[in-house]
Amino acid sequence: ANNIGIHLNAEQSSWKYEGTDLDEFGESFYDLTVGFSEGGGQWDVAFNFATGSYQYTDVAGVVYEESDGISQLGLYGRYWKVRNPNYTQVYHIGFMTEKYGWTEPTATPVNTYADKYMTIDAGCGFNFTPSSHVLAVFDFGVMLEKYTYEDSNDPEDYTEKTTVLPYFKL
């Protein structure tokens, strides 16, 4: 039988500061991940979506800083190839994009900012079981990351691209 898994996370929190210009901070965050694997256990895929908001207020109750678009989107997949009872290869690929935007509505002019991330990852892992109760995992792959910082009052955005070629994990 095929399997479906769902993970739902909802967070809300707030706190107050004492002795500073900022008085209150409140945030909300929602995260949904849905996964699917076929009955034989040879492959699985997962989709992730998250969003949230936050707000700082000063001691007078004026909004000092607030979110202006927080989102995350990801798609991941894995495929298992059993070579023998002690050795399995695990091929994987993933894509994720994130945006964290915020604004300072009381600034003149109003400032808006955004941190944007994009990651693509592809690789192959090896699961080795030399004896019972022992599992060794080795993984290698290629990862591309891109980060962009945007500022409404600065005409030049900052962009950083990183290629990790190859990476190794043990």
Handout entry: For the student: nearest non-hydrogen atoms of Val82 and Thr88, plus distance
Key = CG2-OG1, 4.0 Å

Exercise for the section: Kindly work out whether a path of hydrophobic side-chain contacts (I/L/V/M/F/W/Y, heavy atoms less than 4.5 Å apart) joins Leu32 to Val45. Expected result: yes

Handout entry: Ion pair Lys116/Glu150, N-O distance below 4.0 Å
Key = yes

Exercise for the section: Tell me yes or no: between the side chains of Gln89 and Tyr79, is some donor less than 3.5 Å from an acceptor? Expected result: no

Problem - Ser13 versus Glu27, side-chain donor and acceptor atoms under 3.5 Å - result: yes

Exercise for the section: Specify the closest pair of heavy atoms between His92 and Gly125, including all atoms of both residues, with the distance to one decimal. Expected result: CD2-N, 4.3 Å

Exercise for the section: State yes or no: do Trp15 and Trp102 share one hydrophobic cluster built from I, L, V, M, F, W and Y residues joined by side-chain heavy-atom distances below 4.5 Å, directly or via other members? Expected result: yes

Practice task
Of all the heavy-atom pairs spanning Asn48 and Thr33, show the shortest one and how long it is.
Solution key: ND2-OG1, 2.8 Å

Problem - Other residues, nucleotides, ligands: >12 heavy atoms within 6.0 Å of Lys146 NZ - result: no

Handout entry: Tyr76 side chain reached by Asp44 side chain, heavy atoms, under 4.5 Å
Key = no

Practice task
Keeping the roles fixed (side chain from Glu38, backbone from Gly40), state whether a donor-acceptor pair exists under 3.5 Å.
Solution key: yes

Problem - Cys124 vs Phe140 side-chain heavy atoms within contact, under 4.5 Å - result: yes

Exercise for the section: Look only at the side chain of Asp121 and the backbone of Ile93, and say whether a donor-acceptor pair between them is shorter than 3.5 Å. Expected result: no

Handout entry: Closest heavy-atom pair and its distance - Tyr149, Tyr147
Key = CB-OH, 3.5 Å

Practice task
State, yes or no, whether a side-chain contact exists between Thr162 and Glu160 at a heavy-atom distance under 4.5 Å.
Solution key: yes

Handout entry: Over all atoms of both residues, closest heavy-atom pair of Tyr64 and Pro105
Key = O-CD, 3.6 Å

Problem - Near-ring test Phe36/Trp43, centroid separation under 6.0 angstrom - result: yes

Exercise for the section: Supply the atom-to-atom distance Thr106 OG1 to Glu66 CD, rounded to the nearest 0.5 angstrom. Expected result: 9.5 Å

Exercise for the section: Determine the interplanar angle of the Phe25 and Tyr56 rings, folded into 0 to 90°, and report it as parallel if under 30°, tilted if 30 to 60°, perpendicular if over 60°. Expected result: tilted

Problem - Point-to-point distance, once rounded to the nearest 0.5 Å, from CG of Asp68 to OG of Ser53 - result: 11.5 Å

Handout entry: Heavy-atom side-chain contact between Asp23 and Asp58 under 4.5 Å
Key = no

Practice task
Answer yes or no: is there a side-chain heavy-atom contact under 4.5 Å between Glu65 and Tyr54?
Solution key: yes

Exercise for the section: For residues Thr119 and Leu144, determine if any side-chain heavy atom of one lies less than 4.5 Å from a side-chain heavy atom of the other. Expected result: no

Exercise for the section: Kindly determine whether Thr57 and Val62 satisfy side-chain contact (heavy atoms from CB on, under 4.5 Å), including the steps that lead there. Expected result: CA-CA 5 Å; Thr57 57; Val62 175; over 6 Å; no

Exercise for the section: Please tell me if the side chains of Met118 and Met96 come closer than 4.5 Å, counting only heavy atoms from C-beta onward. Expected result: no

Handout entry: Taking every non-hydrogen atom, the tightest pair across Tyr167 and Ala122
Key = OH-O, 4.3 Å

Problem - Same cluster (ILVMFWY, side-chain, under 4.5 Å), Ile4 and Leu8 - result: yes

Practice task
Please work out which of the three classes, parallel, tilted or perpendicular, describes the rings of Phe126 and Phe138, given edges at 30° and 60°.
Solution key: parallel

Practice task
Kindly indicate whether the side chain of Tyr100, heavy atoms from C-beta on, has any atom under 4.5 Å from the side chain of Tyr113.
Solution key: no

